[in-house]
Amino acid sequence: MLKRDRFFIVFLALVFITGPCPIAFAQEPTGPLPPHDLRCEYLKNPMGIDVEKPRFSWILSHSDRGQKQSAFQIMVSTDPSLERADMWDSEKINSEQSLHISYEGEPLESNRTYFWKVRYWDKNDRPSPFSRSARFDTGLFLQEEWKGEWISGENLFRKEFSIEKSIVRARAFISGLGYYELSINGKKAGDHVLDPGYTSYDQRVLYATYDVTDSLTQGLNAIGVMLGKGWSEIRLLILQINVELEGGELLTFVTDSTWKTAQGPLVSDSIYNGEVYDARKELPGWDRPAFDDKDWTPVETGFKPKGTLSSQMLPPIKIMDTLLPREITQPEKGVYVFDFGQNLSGWAELKVSGPHGTEVKMRFAEVLYDNGRINQENLRSAKAQDIYILKGEGEEKYEPRFTYHGFRYVELTGFPGVPNPDTLKAKLVHSSVQQMGNFSCSNSVLNRIQHLITWGQKTNLHSIPTDCCQRDERMGWMGDAHLTAETAMMNFDMGAFYTKFITDIRDTQDEKGTITDTVPFIWGQRPADPAWGTAYPLLCWYIYRYYGDKRVLEQQYDGLKKYLDFLQSEAKNNILEHSHYGDWVAVEDTPGSLVSSFFYYYDVLLLQNIAEVLGKQRDAQSYQALAKKIKKAFHDKYYDPETRDYGSGSQTSNVLPLFLKMVPEENRGGVLHNLRKSIIYKNNTHLTTGIMGTKYLMEMLSNTGSSSLAYDLSVQTTYPSWGYMIENGATTLWELWQNKTGPGMNSHNHPMFGSVGAWFYKALAGIRQKEDSAGFKHILIRPEMVRDLSFASGTVYTPRGRITSSWTRSDHHIELKVHIPVNSDAEVFIPKLKLENIILKERGNRIYAEGKFLTGVPGINKVEELDDFMRIEIGSGRYHFELISQ
Ligand code: BGC
């Protein structure tokens with residue numbers, strides 16, 4: 001055993017015997033602590049910022065409870081030591097704002113590195129130390145700053161150039177259509193894969209920025225780029241490397257007609273069909289200096305995409321993990337099936353040795369036939385296969401670059417010899433959003449659903465939110481996008497991702513204001529089904545609510561208004577008939593126009609809210625008036641006074657108007673009664689809703705005091721339910737409630753029914769925010785302790801910091817642990833359940849007894865007893881409440 005290991009074991013034993021911290025450490029710092037998790041335009045130390053006034057955010061820490069920011073100071077400098085703020089010293093600004101503070105210094109220049117730090121003053125005017133410094137790199141602000149040309153050719157592109165002096169700083173700006181991989185002197189630049197992020201190329205093409213200072217050398221350098229098709233019809237490349245030399249001299253290397261191209265080993269590539277890679281055609285050293293490229297042909301110039309080049313300001317797609325096979329079977333001679341135990345997006349890495357020219361095939365699938373062979377029927381026309389042809393020179397490794405698959409199983413054929421667990425590894429590939437939330441509870445079905453949701457969600461983030469990741473589709477279907485957005489924002493860091501997607505939506509908008517079912521617009525229709533189009537206002541609103549981002553509302557306001565004007569022009573008597581999909585993949589039918597008109601009403605309410613936030617009172621009033629008319633028209637058209645149902649009487653028909661309180665007070669009871677009757681009696685406690693109804697069903701039930709019923713639906717394990725998917729082996733959510741595996745529409749990784757995940761956090765963990773709050777400034781902790789649930793725990797890293805709500809209960813005792821970030825406050829509701837003569841303690845201190853609030857515990861501002869709840873007002877900090885009977 002190494003000495004170090006022995007020491008560690010002794011240390012662990014000490015910790016075990018004496019509890020944590022056996023060694024006396026210096027005293028914990030007190031007061032306001034340095035801000036941390038500094039973000040610029042949602043991103044940590046981003047490259048390629050191309051907004052003129054980027055915005056800064058930070059998270060605050062404080063040793064005391066009930067703390068707030070009263071002022072801040074930001075310093076921005078070109079100097080890493082930040083001793084002088086030559087770009088901007090905001091000086092002390094009195095403000096509680098810690099999110100999205102706009103840069104107000106000297107004009108930023110393209111292609112520069114800036115450093116920044118921040119400190120804050122707490123509510124007692126005590127300053128914190130400065131944060132550690134963060135940085136951001138600017139991209140190219142103007143199109144004219146791109147000095148090179150777009151070039152086209154085969155798969156491989158190369159160019160050599162020399163640099164005579166030592167290099168101080170170098171940045172590469174690159175974009176290619178469809179996908180590209182850049183290498184410098186034989187080494188891949190960065191860790192992005194499947195760049196550029198998907199956009200409507202006629203409007204916008206994204207470029208990435210790389211720090212290549214250390215990749216370039218004084219002397220001869222070679223740049224190699226491999227191009228794939230991706231989502232584009234033609235292959236195009238543009239690259240610019242800006243180099244700063246010692247002594248201040250500047251060099252620029254760009255793509256132009258002097259570059260050369262060759263075919264190389266990539267025989268074909270397609271997102272849906274996979275790659276064919278012939279290793280015999282590799283050209284060793286092609287991306288290194290002094291390679292002989294005399295047989296290469298000159299590239300072509302003259303083509304260029306219509307869209308403007310804009311910086312890729314969202315977490316890039318990356319290889320996020322590697323999964324090893326759980327099982328390898330051989331259903332037929334020479335046919336091996338690798339089971340990775342989890343449906344995922346990505347590809348397989350192959351390790352093989354064998355004779356020159358051996359063709360190894362990997363085929364990907366989500367499900368198996370009974371005989372153990374893979375079933376690709378539900379991939380429809382997507383071939384989902386990668387073929388590797390061996391060069392025959394010892395051990396060879398291959399993984400594709402320009403395709404991805406959605407799969408749990410990989411079938412391997414043509415393999416020379418017998419494969420082992422090392423032969424194939426699954427690479428998990430998706431947009432590198434960080435996981436920010438966790439939910440768990442005492443019910444194992446719900447924990448499994450949470451697993452299905454998070455895997456389904458992340459594996460469907462590929463620079464756009466996709467509907468699925470395996471078949472011939474993978475589109476940014478707008479309905480799916482808005483239904484899953486809240487769940488996604490509770491679980492992942494989605495600010496930059498959705499900001500980009502909202503821009504994508506705007507890019508599809510035409511003169512008439514119409515938008516499209518999918519974004520970028522490939523499938524579906526223009527104008528979008530109104531239930532799909534709602535993604536535009538709703539995502540803007542969510543970004544504001546979850547991240548406190550007002551700028552999105554400002555920037556999109558005109559586009560949103562235009563969209564609403566279009567809807568208004570389509571509406572007849574305030575009803576929207578136009579519908580393509582309605583309550584998609586439901587068990588029970590709902591009239592499409594009812595769904596469309598509900599979303600029309602929702603859009604108008606959203607616009608009213610947005611106008612209010614932006615201080616556009618006149619607009620807000622006119623949207624309010626329009627909403628009133630739609631509400632009335634909706635009721636008049638769809639409500640049947642005899643049956644007391646809306647529309648077809650389906651669950652969704654009744655849920656939607658109940659959710660948005662469109663039902664007149666006097667009819668509410670009847671409609672709710674019918675809905676409950678349908679769920680409990682007609683359908684034996686099952687839902688019959690499609691994707692639209694499902695989201696609002698769960699929330700509406702909780703909002704109207706029926707969380708127990710929502711819970712009953714959520715833990716159901718027979719058809720139709722989430723648990724039914726689990727019972728049938730799902731590891732991600734399915735597209736359909738039915739278990740189908742034949743040809744047609746039945747993906748086994750479709751995140752849209754994952755809307756229930758937001759309900760886990762909001763209702764069961766109880767993490768919400770108040771109506772008038774943005775970015776979790778005013779939090780509401782209100783867990784629903786339903787049925788036999790004995791604990792639930794949720795944590796969400798919001799842009800303001802961590803929120804936790806974690807409770808357990810037994811017959812005589814409820815405990816709730818809460819964490820509220822600095823600069824936020826919360827109202828906490830603890831259900832009394834059946835407890836009487838209540839005593840409420842916080843970390844052992846009584847804060848409520850004999851009907852009275854006992855003051856004196858820091859952070860606790862008020863406690864009151866209501867009929868069913870204890871209501872507590874708290875400031876920031878960590879709390880541990882206990883509720884008991886006297
Ligand atoms: C997609 C769905 C989408 C739907 C709309 C399907 O093909 O996979 O998720 O919302 O079409 O019709």
Side-chain angles (χ1 to χ4, degrees), residues 198 231 271-272 343 345 366-367 376-382 384 404-406 452-453 455-462 464-488 501 504-505 508 514-536 538-539 578-587 589-593 595-596 598-599 652 689-696 720 722 725 730 732-738 740-757:
Y198 194 15
W231 292 107
I271 293 178
Y272 297 148
N343 204 334
S345 59
E366 298 186 293
V367 283
Q376 282 193 325
E377 287 179 47
N378 72 339
L379 308 187
R380 303 193 302 215
S381 71
Y404 73 96
H405 313 290
L452 266 57
I453 288 174
W455 273 86
Q457 185 72 55
K458 66 188 178 187
T459 53
N460 277 292
L461 298 175
H462 284 263
I464 57 166
T466 59
D467 58 333
C468 58
C469 55
Q470 68 298 85
R471 67 176 180 221
D472 53 357
E473 202 156 348
R474 314 183 202 186
M475 296 287 146
W477 280 99
M478 297 259 281
D480 313 38
H482 72 76
L483 291 170
T484 52
E486 286 198 276
T487 303
F501 190 61
D504 294 342
I505 300 175
T508 72
T514 71
I515 51 177
T516 52
D517 281 338
T518 55
V519 169
F521 181 37
I522 308 284
W523 283 39
Q525 305 188 39
R526 174 194 294 279
D529 181 316
W532 269 243
T534 290
Y536 188 22
L538 205 45
L539 287 178
H578 154 218
S579 164
H580 310 148
Y581 320 109
D583 187 27
W584 189 242
V585 296
V587 176
D589 281 344
T590 297
S593 71
V595 179
S596 293
F598 161 82
F599 279 105
T652 296
T689 45
I691 54 172
M692 298 296 162
T694 300
K695 172 163 172 69
Y696 301 110
W722 294 275
M725 301 182 191
T732 44
L733 293 176
W734 297 345
E735 175 172 28
L736 304 178
W737 293 122
Q738 295 86 354
K740 290 193 181 170
T741 53
M745 222 193 69
N746 58 75
S747 124
H748 283 237
N749 186 357
H750 234 75
M752 60 197 186
F753 279 123
S755 56
V756 69

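Order of listing sets the numbers, starting from 1, for every ligand and every atom in it.
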**Request:** Answer with yes or no after comparing the ring centroid distance for Trp734 and Trp722 against a 6.0 Å cut-off, counting only values under it.
**Result:** no
**Item:** Close side-chain approach of Glu735 to Asn378, heavy-atom, < 4.5 Å
**Value:** no
**Message:** Can you confirm whether the side chains of Arg471 and Ser747 place a donor and an acceptor under 3.5 Å from each other?
**Reply:** no
**Message:** Between His580 and His578 (judged by ring centroids, cut-off 6.0 Å), do the two rings come close enough to count as a pair?
**Reply:** yes
**Message:** What does the 4.0 Å heavy-atom contact list look like for ligand 1?
**Reply:** Asp467, Arg471, Glu473, Trp477, Asp480, Trp532, Tyr581, Trp584, Glu735, His750, Met752
**Request:** If the plane angle is over 60° it's perpendicular, under 30° parallel, otherwise tilted; pick one for Trp532 and Tyr581.
**Result:** tilted
**Request:** Take Arg380 and Glu473 through the salt bridge (Lys or Arg N to Asp or Glu O under 4.0 Å) test and state the conclusion after the steps.
**Result:** CA-CA 9 Å; Arg380 303 193 302 215; Glu473 202 156 348; 2.6 Å; yes
